[in-house]
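Worksheet: the structure to be examined is printed underneath.
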2 protein chains.
Amino acid sequence: MPQDLSFDLHALTARLDRSADRILQAEYGLSYRRFLTLLIVSRLGAPTQRAVSEELGVSEPSASRMTGVLAGMGLLDAQPDPAGGNRRRLSLTADGRQMVEQCRALLERRFHDLVKRSGVSYADYAHNTRLLLDALNTSAVPGVAAATTTTLRDVPSTDRA
Amino acid sequence: MPQDLSFDLHALTARLDRSADRILQAEYGLSYRRFLTLLIVSRLGAPTQRAVSEELGVSEPSASRMTGVLAGMGLLDAQPDPAGGNRRRLSLTADGRQMVEQCRALLERRFHDLVKRSGVSYADYAHNTRLLLDALNTSAVPGVAAATTTTLRDVPSTDRA
DNA sequence: CGCACTACCTTAACATGCTAACTTAGCTAG
DNA sequence: CTAGCTAAGTTAGCATGTTAAGGTAGTGCG
């Protein structure tokens, strides 16, 4: 059953995503990806779109499109960088800040409920997950992501996102 | 902190997927999703598209499109069910069977290498993953049982993450 | 027979990923 | 000053996910 772990992992994440999406969509009319983007902006301060794309683990075009949508919704503000250069500084609007906080709190509650009900040790599972992630980041499966992939850099540990 | 596990899980899975995708794309010119679809067909016997969509965890239209593509590639065979009804029986062609086996073996090797390098206990992690998945599945019906088809409908305070 | 119900599949429109290629702005050097 | 380099953002086209709505085969009842 060697294939089972990767398969289950996949299933687990896909379902978590869908659940998160349904919850946010129902409660706030916001998709999970959009929430995540807002959260990243909030955590990074006044990031460029490139910084957001790296932190989110998506390509720049994806981040570009996403920030455009969020700005259009009035949750995000994108201003040319006063320091010059072809870059934009992203920040949350008042609405955006409120939205992020509400969504974050809601998802956090739901997730902790789930972990508790499953009987899994949060700390233990989180630790192993990070070990796997680090192994993927540092050595990269031969022929894999490796150098080419620019996703989630090896951020030490606290703030991931 | 609390949010970290769900994010890490997300990041881990996303990267595993991308890695698998790159490996398969490079070696066999097949995407990971397509491989997964073939694998499911192989495991289920001669499933209908609906069965595949459920097993894969995607919607029926997705499965429909995917099987169409795979049939077009000559990896999958879709015949009207001789038993009647508006349904199609899916099966792998000789090419499809060979492709699945090669890809499966390759991914398995790579994945085991990764787990070994990470220092994580495969059995332990697999067990916890399964617990979470089960909690997510059962939680879909807190007291209402049934409605099993919908993947985690608007579950009160259980899913997400 | 005819109409409704169920199960399965398909089509249409849209959300989000990705890669490739192009544009824009500031910097550096001849 | 022009030419080239780098960084950041955008556009185009495709892969694959979703929901909504429609089509097709059996089954069952008045």
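Scope of the values below: all heavy atoms of this structure, side chains included, with no hydrogens, waters or symmetry mates. Proteins get letters first, then strands, A, B, ... in listed order; numbering begins at 1 in each.
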Sugar-phosphate only, base, or nothing, as touched by Arg50(B) at under 4.0 Å among non-hydrogen atoms: base
Rounding to an integer number of Å, can you tell me how far Arg33(A) CZ sits from dC18(C) P? 9 Å
Whole-Å distance separating the CG atom of Asp17(A) from the P atom of dG17(C): 10 Å
Let me know, please, whether Arg87(A) or Ser31(A) comes out on the 5' side of the other along DNA chain C by nearest nucleotide. Ser31(A)
Which nucleotide sits closest to the side chain of Arg34(B): dT16(D), dT10(C), dT18(D)? dT16(D)
Side chain of Thr48(B) only, heavy atoms from C-beta on: which candidate in dG17(C), dC8(C), dG17(D) is closest? dC8(C)
Under-4.0 Å side-chain N/O to phosphate OP1/OP2 contact, [X] with [N]:
| X | N | value |
| --- | --- | --- |
| Gln49(A) | dT10(D) | yes |
| Arg22(B) | dT19(C) | yes |
| Arg18(A) | dT18(D) | yes |

Mind checking whether Tyr125(A) and Tyr125(B) have parallel, tilted or perpendicular rings, split at 30° and 60°? parallel
May I ask you to decide if the ring planes of Tyr32(A) and His10(B) are parallel, tilted or perpendicular, using 30° and 60° as cut-offs? tilted
Would you please name every residue forming a side-chain hydrogen bond (donor to acceptor under 3.5 Å, both in side chains) with Arg50(A), sequence neighbours left out? Glu60(A)
Enter the inter-axis angle for the ends of the helix from dC1(C)-dG30(D) to dG30(C)-dC1(D) (five pairs per end, rounded to 10°). 20°
Output the residues of residues 60-76 of chain B in contact with DNA chain C, where contact means a heavy atom of the residue under 4.0 Å from an atom of the strand; sort by number or write none. Glu60(B), Pro61(B), Ser64(B)
Shortest non-hydrogen pair, Leu44(A) vs Ala51(A), comes out as CD1-O, 4.0 Å
